[in-house]
Amino acid sequence: MALEFWKPGTTGPGSSLDRETDGEGFAVPSALSSQSIQHQRERLPIFKHRDELLYAIEMYGVIIVVGQTGCGKTTQLPQYLMESGWADKGNVIACTQPRRVAATSVAARVATEVGSILGDEVGYTIRFEDVSDKERTRILYMTDGMLFRETLVDPLLSRYSIIMVDEAHERSVYTDLLLGILKKIRRKRPSLRLIVSSATLDATSFLDFFTASTSPEEATIVSLEGRMYPVEVAYLQEPTPDYVRTAAQVAWNINLQQGSGGGDILMFLTGRDDIERCLEEFSDLMATLPRSATRLLPLALHAGLSTDEQLRVFEPAARGSRKVIIATNIAEASVTIEGIKFVVDCGFVKMRMFNATTALASLATVPTSVASATQRAGRAGRTSPGVCYRLYPKSAFDTLPLSNSPEITRTDMTTPILQLKSLGIDDLMKFEWVSAPPAESVLRALEGLVAAGMIGEDGRLTAIGEQVAECPVEVGIARMLFSSKELKCGEEILTIAAMTAIQDVFLIPDGAPGALAELERRKFTAEEGDHLTLLNVYNAFTRYGRSSSWCKAHALSFRAMSRAVSIRGQLKKYMQRFNLPTESCEGDAKRLRRCLVSGYWRNGARWVADGTYRSVRGNRTLHVHPTSVLFTRKPRSGWVVFHEMEETKKTQIRILTEIEPDWLVDHGHKFQKKVERS
DNA sequence: GAGCACTGC
């Protein structure tokens, strides 16, 4: 099927792709020119409507700002606000981001533009890093989760005059929670101004949210000119049965078409499997490359790679070659690569779903949204005009949802609800959600919080619930931290809590190096299971000087391990604040395992003869994840608790530890008595 | 026999 899809050398790239023309022979990208990306034939100043915007902020409480990435809203808008006096008299302008890297890099850039040192007039605050000055900082970039936490301490967020919630279209859990809280704060403190920044035309949903049960004068939409180069969009005429293969062919053809002309290719696929298969497609095609043709340099980019491997995509390609970066969604917003002129978009994304009824998380491949497709296409127009090839028909594009599905509708609500309760929001049915989580999800979360002793029969937080709400870990893990006092294993539980909070500790490369990495990993194996294995890994990391070379030699992620050290340090402070001792169990693994049961008591499972497990809750068939040290071994007692359960092709459990079944029963009894007493 | 992407004073 290789070349019947698209014949290079006939009428230019994408000749058999479906395009519309504007009557002058110029292909108008049907989706982008008129709807999504602001086109620009000659350069426009950023913020053509600066005065209009400042006027709107004086007049309205809430401004919904619509503007594509590249219009400068994140960097310029806070500066304009500061210049026009919004940061006078000790007021602070906050700008929230869903990602840490965005908060830090934007703050650094704005500090330079303003001519100040980072952390002085312009600063940032993310978990573990506060580069701001309580007195002097006027513009503060921060993660949305961080500002949400600040509401626990200062419910009216009184030090801020304006809060800009950036990238709101991404609809992260904390963006949504924050918007709900901010609407509430504005009722009590109308002087607070909000700017909700969104890249999509779906801004009306935010407008509706802020004007519902207030007044039409509460909010308005302002649109900003983009600073993007035009991106032409082409669609496939027919859907492809194998987008990985098609993607490789399209990239291949772009390279042949473009000859030695500049411009790299960025490809969006769904996951590591796709990426590796695509690399194979390229190595097959490589043999057919004419000697005179520009060489293609395929590079993978996904979160599972080491920092070194990730950095390779930023190195400019050698003369006479062109980079093809084969990436997951990481390249959509988290990582920006310069010099991309062509984007190949498969149209799908892997999305985490959570089924509250079965407490089962799953990873599903679903079509992207218009917002995502636009964002991906925009990656081709950062430094010059570009082309985006969408590997699906225009008719399929027309059926895509406008925005990303809000994370709050497909995530475990246990922690968010605990935090909302702690904010004094007791009636969750009356809380104004931008998108309400499913009722089932709220009910199950409440049920779980009651069962864990965080919420009393009266529906209010218990004393321990108040403390756990502050603690940046899952409820079950927090429970263990508290139980460690009685079981005298705070030191070890602290480490285990930190290690379970990070992901991708073990870097398992493909092929033979992968097998070697596997051997390295086994050196840390603890008989009792994965939690104690993780404890061994952490202790070895600190014993050998926390070095990156040591990590490399043991197939561990230095990034992840360093993060575990930070998290452990942070959690230790909470334990001290809550008067929880951090004494060691002195090698008594039994106490430690009993402590694990106090947090994981809902996650018990029993071994069955075929090597799988049955969950205590629901009697579901569970498969051990292959990274577990219990993957090939039956636990002596036949019983385990596990950290998490996820449905992929099968239902898998990850991070297991062997337990005695009566511990589960004991815990149940203890809990039962507690409920009877109260 | 397997790893979308984020995040938490």
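A note on names: the letters A, B, ... follow the listed sequences, proteins ahead of strands, and every chain is numbered from 1. This structure is a prediction, so every number in the text was calculated from the model and none was measured. These values consider heavy atoms only, across backbone and side chains, with no hydrogens, waters or symmetry-generated copies.
- Of the candidate nucleotides B:dA2, B:dG8, B:dA5, B:dA2 has the atom nearest to the side chain of A:T627.
- A:I330 comes within contact range of the sugar-phosphate backbone alone, with a heavy-atom separation under 4.0 Å but no base atom that close.
- For B:dA5, neither phosphate oxygen OP1 nor OP2 lies less than 4.0 angstrom from any side-chain nitrogen or oxygen of A:H302.
- Nearest nucleotide to the side chain of A:R149, out of B:dC4, B:dA5, B:dG8: B:dG8.
- Residues passing the side-chain hydrogen bond (donor to acceptor under 3.5 Å, both in side chains) test with A:S369 are A:N404, sequence neighbours excluded.
- In this structure, A:Y124 places its OH atom 16 Å from C1' of B:dT7, rounding to the nearest Å.
- The structure places CG of A:L418 at 10.0 Å from NZ of A:K421, a figure rounded to the nearest 0.5 Å.
- Using a 4.0 Å heavy-atom criterion, one finds that A:Q652 contacts the sugar-phosphate atoms exclusively.
- Among the atoms of the strands shown, base atoms are found under 4.0 Å from some heavy atom of A:D273.
- When heavy atoms are screened at a 4.0 angstrom cut-off, A:H623 is found touching no nucleic acid atom at all.
- If you find the closest nucleotide of DNA chain B to A:M146 and to A:K650, the one lying nearer the 5' end belongs to A:K650.
- A:R99 comes within contact range of the sugar-phosphate backbone alone, with a heavy-atom separation under 4.0 Å but no base atom that close.
- When the side-chain nitrogen and oxygen atoms of A:T143 are compared with OP1 and OP2 of B:dG8, one or more of them lie within a distance under 4.0 Å.
- Remark on DNA chain B: of its neighbouring residues A:L301 and A:T125, the 5'-side contact belongs to A:L301, judged by nearest-heavy-atom nucleotide.
- A cation-pi contact links A:R521 to A:F506, judged by a cut-off of 6.0 Å to the six-membered ring centre and 45° from its axis.
- Computed from coordinates, the A:L630 CG to B:dG1 P distance equals 16 Å when rounded to whole Å.
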Legend entry - Under the 3.5 Å Watson-Crick or G-U criterion, the dot-bracket string of DNA chain B, with | for inter-strand pairs: .........

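- Nearest to the side-chain atoms of A:P626 among the listed nucleotides B:dG3, B:dG1, B:dA5 stands B:dG1.
- Nucleotide B:dA2 holds its P atom 16 Å from the CG atom of A:D530, rounded to whole Å.
- A:R149 has no carboxylate O lying under 4.0 Å from a charged side-chain N of A:E470, or vice versa, which leaves the two without a salt bridge.
- An OP1 or OP2 oxygen of B:dC9 is reached within less than 4.0 angstrom by a side-chain nitrogen or oxygen of A:R127.
- Proximity note for A:H625 (side chain, C-beta onward) versus B:dG3, B:dG8, B:dC6: the nearest is B:dG3.
- Considering A:Y389, A:Y392, A:F348 as possible partners of A:Y243, the one that fulfils the ring-ring contact (aromatic ring centres under 6.0 Å, His included) test is A:F348.
- Using a 4.0 Å heavy-atom cutoff across all strands shown, A:T415 reaches at least one base atom of the nucleic acid.
- The residues A:E332 and A:R376 are annotated as salt-bridged, a charged nitrogen and a carboxylate oxygen being separated by less than 4.0 angstrom.
- Each of B:dC6, B:dC4, B:dC9 was ranked by its minimum atom distance to the side chain of A:L363; first place goes to B:dC4.
- Atom NZ in A:K572 sits roughly 19 Å away from atom P in B:dC9 (whole-Å rounding).
- For the pair A:Q467 CD and B:dG8 P, the computed distance is 22 Å after rounding to whole Å.
- Rounded to an integer number of Å, the gap from CZ of A:R272 to P of B:dG1 is 18 Å.
- The nearest whole Å value for the distance from the CD atom in A:E276 to the C1' atom in B:dC4 is 14 Å.
- Checking A:T657 against A:H531 by side-chain atom types alone, a donor-acceptor pair falls below 3.5 Å.
- Atom-to-atom, NZ of A:K573 to C1' of B:dG8 comes out at 14 Å; the value is rounded to the nearest Å.
- Set against B:dC9, B:dA5, B:dA2, the side chain of A:R352 has B:dA5 as its closest nucleotide.
- Here A:Y600 and A:F642 keep their ring centres 6.0 angstrom or further from each other.
- A:Q570 has a side-chain polar atom (N or O) that falls below the 4.0 Å cut-off from OP1 or OP2 of B:dC9.
- Using a cut-off of 4.0 Å between Lys/Arg side-chain N and Asp/Glu carboxylate O, A:R99 and A:E170 are scored as salt-bridged.
- Backbone-only contact: A:T328 has heavy atoms under 4.0 Å from sugar-phosphate atoms and none from a base.
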